[in-house]
Amino acid sequence: MADVNVAVIYYSATGTIATVADSIADTARKAGAEVRLRRVAELAPDSAIDSNPAWRANIDATADIPEAEAADMEWADAVIFGSPTRFGNITSQLKQFLDRLGPLWLEGKLADKVYTGFTSSATTHGGQETTLLALYNTIHHFGGILVTPGYTDPSKFIDGNPYGTSHVAGQGDIPVGEQTLTAARVQTQRVVRFTRALKTGLAAGT
Ligand SMILES: Cc1cc2nc3c(=O)[nH]c(=O)nc-3n(C[C@H](O)[C@H](O)[C@H](O)COP(=O)(O)O)c2cc1C
């Protein structure tokens with residue numbers, strides 16, 4: 001049985017974040033974690049989704065991924081959140097998931113876990129860092145332990161985002177490639193390593 005539980009909880013409209021989430025889940029499994037890959041509930045009406053074929057295609061392609069529930073947060077030792085940038089902020093879909101965690105927060109059940117985030121945007125510098133920092137505001141309220149990549153690996157000096165993995169997707173015409181996948185791998189391995197250390201230390205009463 002795996003010694004740490006990692007929940008990868010994301011929203012993706014047109015599939016970029018879903019692709020990165022998949023690879024993060026895979027890396028966490030390879031690092032020895034038990035993983036739950038979960039998408040948050042869609043809030044947009046069918047009329048909006050159907051106006052963008054890539055949006056509809058992603059919804060259909062990910063229909064078998066279970067919807068995230070509060071119980072996944074309670075289960076997790078580490079939570080890796082993913083959201084595209086929306087005007088420099090996280091999506092309303094992910095925000096709604098967070099906003100419904102009040103009862104767990106009140107019981108202190110969101111504290112003492114490891115958290116981190118990843119994002120994507122259409123344009124370079126299109127709000128990736130502000131999106132991650134906006135997400136991280138909430139983590140402070142949880143009493144969570146933020147584990148970000150920083151510049152702890154040579155690859156970080158190439159992708160340049162110490163706050164978390166971020167992909168520039170253009171108008172959906174720039175697929176997730178080696179640079180983003182490397183960033184995701186580095187961040188996830190670091191998260192699993194520190195989650196394991198934190199869990200072991202807490203269990204030992206340190
Ligand atoms: C309402 C809205 C706001 C957006 N705001 C930004 C933005 O501020 N900067 C940017 O570069 N891209 C912005 N985008 C583009 C998305 O971030 C981009 O399509 C997304 O990262 C793709 O991820 P996905 O394929 O997982 O949905 C916006 C898209 C929408 C629909």
Side-chain angles (χ1 to χ4, degrees), residues 6-28 35-68 72 79-99 115-139 148-149 155-156 158-188 191:
V6 174
V8 183
I9 296 181
Y10 75 92
Y11 175 76
S12 180
T14 53
T16 311
I17 288 291
T19 301
V20 181
D22 244 355
S23 123
I24 283 175
D26 193 44
T27 300
V35 175
R36 288 188 187 178
L37 176 63
R38 300 288 186 265
R39 57 185 174 79
V40 299
E42 180 57 88
L43 301 177
D46 279 339
S47 57
I49 296 166
D50 287 330
S51 71
N52 182 344
W55 195 351
R56 173 54 70 196
N58 178 52
I59 292 215
D60 291 347
T62 57
D64 59 338
I65 294 177
E67 236 172 56
D72 299 316
V79 184
I80 304 180
F81 286 118
S83 171
T85 286
R86 292 283 185 268
F87 306 125
N89 212 320
I90 61 170
T91 54
S92 55
Q93 287 87 347
L94 181 59
K95 186 66 165 63
Q96 154 136 314
F97 177 76
L98 296 174
D99 288 352
Y115 294 90
T116 200
F118 60 102
T119 190
S120 67
S121 63
T123 56
T124 309
H125 309 302
Q128 295 181 332
E129 294 185 356
T130 55
T131 298
L132 292 173
L133 289 172
L135 170 67
Y136 295 162
N137 281 338
T138 300
I139 307 312
T148 52
S155 64
K156 296 307 298 176
I158 296 166
D159 77 61
N161 192 339
Y163 300 91
T165 300
S166 49
H167 181 70
V168 176
Q171 298 309 307
D173 53 342
I174 308 176
V176 173
E178 203 43 50
Q179 182 172 299
T180 302
L181 293 175
T182 300
R185 196 162 49 244
V186 165
Q187 184 174 8
T188 305
V191 161

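First listed ligand is number 1; within each ligand, the first listed atom is number 1.
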Nearest non-hydrogen contact with atom 10 (C) of ligand 1 belongs to which option: A169, A122, G170?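 Looking at heavy atoms only, the winner is A122.
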Considering all heavy atoms of both residues, which atom of [X] and which atom of [Y] are nearest to each other, and what is their separation?
X	Y	answer
S83	L94	CB-CD2, 3.7 Å
F118	V20	CD1-CG1, 3.6 Å
Q128	S121	NE2-OG, 3.1 Å

T165 (side chain) donor-acceptor with A184 (main chain) under 3.5 angstrom: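 It does hold such a pair.
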Any side-chain to backbone donor/acceptor pair from T27 onto S23? Under 3.5 Å, distance only.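 Yes.
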So, taking the atom named CZ in R38 and the one named CD in E67, what distance separates them when rounded to the nearest 0.5 Å?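 Reported to 0.5 Å precision, the distance equals 11.0 Å.
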Under 4.0 Å from a heavy atom of [X]: give me the atoms of ligand 1 that qualify, with their elements.
X	answer
T14	22 (C), 24 (P), 25 (O), 27 (O)
G88	8 (O)
I17	26 (O)
T16	22 (C), 23 (O), 24 (P), 25 (O), 26 (O)
G126	7 (C), 8 (O), 9 (N), 10 (C), 11 (O)
A13	24 (P), 26 (O), 27 (O)

Protein non-hydrogen atom below 4.0 angstrom of atom 5 (N) of ligand 1 present: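 So atom 5 (N) of ligand 1 has protein heavy-atom neighbours under 4.0 Å.
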Is it the case that ligand 1 has an N or O less than 3.5 angstrom from some N or O of P84?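 No: no nitrogen or oxygen of P84 is under 3.5 Å from one in ligand 1.
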Does any non-hydrogen side-chain atom of Y136 lie less than 4.5 Å from one of T116?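 A side-chain contact exists here, since the closest heavy-atom pair is under 4.5 Å.
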Quick one: are D60 and R56 in side-chain contact, heavy atoms under 4.5 Å?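 Side chain of D60 against side chain of R56, heavy atoms only: contact under 4.5 Å found.
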Which residue supplies the protein heavy atom nearest to [atom], what is that atom called, and how far is it?
atom	value
atom 26 (O) of ligand 1	S12 OG, 2.6 Å
atom 17 (O) of ligand 1	T85 O, 2.8 Å
atom 29 (C) of ligand 1	R86 NH1, 3.5 Å
atom 21 (O) of ligand 1	S120 OG, 2.6 Å

Take atom CD in E178; do more than 12 heavy atoms of anything else shown fall under 6.0 Å from it?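 Enclosed: over 12 neighbouring heavy atoms sit under 6.0 Å from CD of E178.
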Are any of the heavy atoms in G15 under 4.0 Å away from ligand 1?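 In this structure, G15 qualifies as a contact of ligand 1 - some heavy atom is under 4.0 Å.
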